[in-house]
Novice: 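Pasting a structure here, questions to come.
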Number of protein chains: 2
Amino acid sequence: MTRRPPRPRERGIPEATVARLPLYLRALQALDERGTPTVSSEELASVAGVNSAKLRKDLSHLGSYGTRGVGYDVEYLIYQISRELGLTQDWSVAIVGVGNLGRALANYGGFGTRGFRIAALLDADPAVVGDAVAGLRVGHIDSLEEVVAREHVSIGVIATPAAAAQGVCDRFVGAGVTSVLNFAPVVLNVPDGVDVRKVDLSIELQILAFHEQRKADGRGGPEWIEALEA
Amino acid sequence: MTRRPPRPRERGIPEATVARLPLYLRALQALDERGTPTVSSEELASVAGVNSAKLRKDLSHLGSYGTRGVGYDVEYLIYQISRELGLTQDWSVAIVGVGNLGRALANYGGFGTRGFRIAALLDADPAVVGDAVAGLRVGHIDSLEEVVAREHVSIGVIATPAAAAQGVCDRFVGAGVTSVLNFAPVVLNVPDGVDVRKVDLSIELQILAFHEQRKADGRGGPEWIEALEA
DNA sequence: ACGCCCTTGTGAATGTATGCACAAAGTGGG
DNA sequence: CCCACTTTGTGCATACATTCACAAGGGCGT
Ligand SMILES: NC(=O)c1ccc[n+]([C@@H]2O[C@H](COP(=O)([O-])OP(=O)(O)OC[C@H]3O[C@@H](n4cnc5c(N)ncnc54)[C@H](O)[C@@H]3O)[C@@H](O)[C@H]2O)c1
Ligand SMILES: NC(=O)c1ccc[n+]([C@@H]2O[C@H](COP(=O)([O-])OP(=O)(O)OC[C@H]3O[C@@H](n4cnc5c(N)ncnc54)[C@H](O)[C@@H]3O)[C@@H](O)[C@H]2O)c1
């Protein structure tokens, strides 16, 4: 029997932690550009807008990359978080639905700078297919499977109307894509092993409206400690 | 139809529940358009993509609006959730930053249909100010305070580059806006009582990349039960 | 070499969320 | 009117997340 204790980076980072790692990464990159060599958990937490104990616990899931009495080496921590997030390799992204939103996404410069390459734009509308958008030619949706295979697409972005989203998703999954980012306001059904994340503007607005209403309601009411997030 | 007197439950709906209410609302509206008069927690949960016990517990925070042995009246529940979320009134939204993303948002039809009215578009670039976008004339950022007061803006949307976001946010807050939706990749600092929600594409992609990498890594590894969300 | 001071990493406590399982409550048939 | 059946609403157990508080560890000045 082999030893149990020697597990340097046991697999199993809490989902809540994973969701914050990109935040820390961004804060660290800002510090790095400013030339800061090391940073304490207190400072970094302040920049990232979280509690410092939470930050330390989050980082402790990756390993012991800090130095007591000093803090964390900024560049080293950037590397470690990048590696953990899988940003040391490039990911190919295909965007389906080149309308208002799809075009904005395609023209967004912040993609490539973080290791995500827009490999293809696809649409069903003949009036759109063939257009040049952000230096790419829009392909026809029928070529999805071919494009996914050829470009090694691993992340599919859906920016079609809601009615078309499940169909596009199914084709992505059928073509072997196991990560989907969905902008359409529908719940996508996918088999186990496929990750779906959604960006849903209406939901965000409705959550804000809920709290806004509550602020207006509660005149003279008791305490209204709002959980803020940023 | 209202057989039961509207009994507002004790204030204090869990944040996780609030975040799911818009999902239930959307599912119910789909059912309503299909003419379904009542729905069981099991069915509704299935459409919304959640566990049925969770759905029942969520709804129980609003009150007892179901009928045992039957289910929930679709229209009545739509009304109750809408009221709880504050969608029985209209909310005025101002969008600052009319670039790629701001234009896509302005042209997005799904706004008005849910009680959110785009009251103003503002930008700092003289080349953009004065443009007609989605039937509105783009105003100058200097008029922010005036516009917020005149149009009773209660939700501010920030779609400027990251560097400008905190400044715009401060002006919103100074003008009395207490709910902000931020698309810029920065952590906004706001005083207590102001809610900020963010939509951050890069973070979503990085989270997907993390799981994608893990799927690829774990050949022969142990179980890989992925927590899916949709 | 030694001890002081700073900051990490983590045990423990607390708070929040999820999901099971079932009694209570309502419907409809006979 | 009662009984069989369905489905809600919730107590309880468990899992996950956050925060506190501090001992352990490392650098640095003397
Ligand atoms: N525009 C926004 O700001 C915004 C905000 C929130 C949500 N959304 C959602 O994002 C999605 C896209 O919004 P939009 O404003 O860009 O819409 P849009 O109508 O401008 O663009 C949709 C595009 O998808 C294409 N399309 C339709 N069916 C297709 C199919 N089966 N396969 C491939 N392409 C197909 C259309 O040809 C069109 O080019 C919608 O679901 C919308 O609800 C948009
Ligand atoms: N385009 C996307 O798909 C996308 C995706 C994710 C995040 N974002 C983020 O959304 C934001 C906007 O992106 P975009 O692609 O629309 O950028 P953009 O450059 O096309 O548009 C930005 C607009 O903001 C205006 N602006 C700049 N400073 C301003 C100020 N102080 N006050 C008012 N207006 C000001 C500019 O004049 C410009 O019109 C950025 O922070 C970007 O990182 C965009």
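Per chain, numbering begins at 1; letters A, B, ... match sequence-line order. Heavy-atom basis, side chains included; hydrogens, waters and symmetry copies ignored.
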Novice: I'd like to compare against my own output: the B/S/- annotation of nucleotides 21-30 of chain D with a strict under-4.0 Å heavy-atom distance to protein.
Specialist: B--BBSS---
Novice: Does OP1 or OP2 of dT7(D) have a side-chain N or O of Tyr65(B) closer than 4.0 Å?
Specialist: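 So the side-chain polar atoms of Tyr65(B) never come under 4.0 Å of the phosphate oxygens OP1 or OP2 of dT7(D).
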Novice: Which whole-number value in Å describes the distance from Asn51(B) CG to dA13(D) P?
Specialist: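 These atoms are roughly 19 Å apart.
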Novice: Tell me every residue that passes salt bridge (charged side-chain N to carboxylate O under 4.0 Å, His left out) with Glu43(B), counting only those two or more places apart in sequence or in another chain.
Specialist: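 Salt bridge (charged side-chain N to carboxylate O under 4.0 Å, His left out) check on Glu43(B) returns nothing, list empty.
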Novice: Whole angstrom is fine here: how far is it from NE2 in His61(B) over to P in dT18(C)?
Specialist: 10 Å
Novice: Could I get the full list of ring-ring contact (aromatic ring centres under 6.0 Å, His included) partners for Tyr76(A), not counting sequence neighbours?
Specialist: Tyr65(A)
Novice: Can you name the residues that form a salt bridge (charged side-chain N to carboxylate O under 4.0 Å, His left out) with Arg26(B), not counting sequence neighbours?
Specialist: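 With neighbours one apart ignored, the set is Asp200(A).
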Novice: Rounding to an integer number of Å, can you tell me how far Asp73(A) CG sits from dT7(C) C1'?
Specialist: 15 Å
Novice: Grab the CD-C1' distance between Glu43(A) and dT8(C) for me, whole Å please.
Specialist: 14 Å
Novice: Restricting both atoms to N or O, compile the protein contacts to nucleotides 15-18 of chain D shorter than 3.5 Å, with distance only.
Specialist:
residue: dT18(D); atom: OP1; partner: Arg20(A); partner atom: NH1; Å: 3.1
residue: dT18(D); atom: OP2; partner: Arg20(A); partner atom: NH1; Å: 3.2
residue: dT18(D); atom: OP2; partner: Arg20(A); partner atom: NH2; Å: 2.9

Novice: Who are the salt bridge (charged side-chain N to carboxylate O under 4.0 Å, His left out) partners of Glu145(B), not counting sequence neighbours?
Specialist: Arg171(B)
Novice: Taking DNA chain D as the partner, which of residues 25-38 of chain B come within under 4.0 angstrom of it by heavy atom?
Specialist: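 Here the set is empty: none.
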Novice: Show me the side-chain donor-acceptor pairs of residues 50-57 of chain B shorter than 3.5 Å, one per line, residues at least two apart or across chains.
Specialist:
residue: Asn51(B); atom: OD1; partner: Ala53(B); partner atom: N; Å: 2.6
residue: Asn51(B); atom: OD1; partner: Lys54(B); partner atom: N; Å: 3.3
residue: Arg56(B); atom: NH1; partner: Ser41(B); partner atom: OG; Å: 3.0

Novice: Between Ser82(B) (side chain) and Ile78(B) (backbone), is there a donor-acceptor pair under 3.5 Å?
Specialist: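 Looks like yes, one N/O pair under 3.5 Å.
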Novice: Which residues pass the salt bridge (charged side-chain N to carboxylate O under 4.0 Å, His left out) test with Glu42(A), sequence neighbours left out?
Specialist: none
Novice: Hey, is the main chain of Glu212(A) close enough, under 3.5 Å, to the side chain of Trp91(B) for a donor-acceptor pair?
Specialist: no
Novice: Taking only side-chain nitrogens and oxygens of Ser40(B), does any of them come within less than 4.0 Å of OP1 or OP2 of dT7(D)?
Specialist: no
Novice: Under 4.0 Å between a side-chain N/O of Ser41(A) and OP1 or OP2 of dT8(C), yes or no?
Specialist: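 Affirmative; the distance criterion is met.
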Novice: Out of the candidates Arg114(A), Glu75(A), Arg34(A), only one should pair with Gln29(A) under the side chain to side chain donor-acceptor pair (under 3.5 Å) rule; please name it.
Specialist: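 Filter result, single survivor: Arg114(A).
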Novice: What's touching nucleotides 28-30 of chain C from the protein side, N or O pairs under 3.5 Å?
Specialist:
none

Novice: Check residues 153-164 of chain B and write down every donor-acceptor pair under 3.5 Å in which the side-chain atom is one partner and the other belongs to a residue at least two apart or another chain.
Specialist:
none

Novice: Is the shortest side-chain N/O distance from Tyr72(A) to OP1 or OP2 of dG9(C) below 4.0 Å?
Specialist: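 Indeed, a polar side-chain atom of Tyr72(A) lies that close.
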Novice: Partners of Arg117(A) by side chain to side chain contact (heavy atoms under 4.5 Å, CB included), sequence neighbours excluded?
Specialist: Ser92(A), Ala119(A), Glu151(A)
Novice: Return yes if some donor-acceptor pair links the side-chain N/O of Lys215(A) with the main-chain N/O of Gly193(B) below 3.5 Å, else return no.
Specialist: yes
Novice: So, Asn100(B) versus Tyr108(A): side-chain donor-acceptor pair below 3.5 Å or not?
Specialist: no
Novice: Leu62(B) has an atom CG; how far is it from atom P of dT10(D), in whole Å?
Specialist: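 Taking atom P of dT10(D) as the reference, CG of Leu62(B) is at 12 Å.
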Novice: Counting only N and O atoms by type, is there a donor-acceptor contact under 3.5 Å from the side chain of Thr36(A) to the main-chain atoms of Leu31(A)?
Specialist: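 Yes, the answer is positive, given that a donor and an acceptor are paired below the 3.5 Å cut-off.
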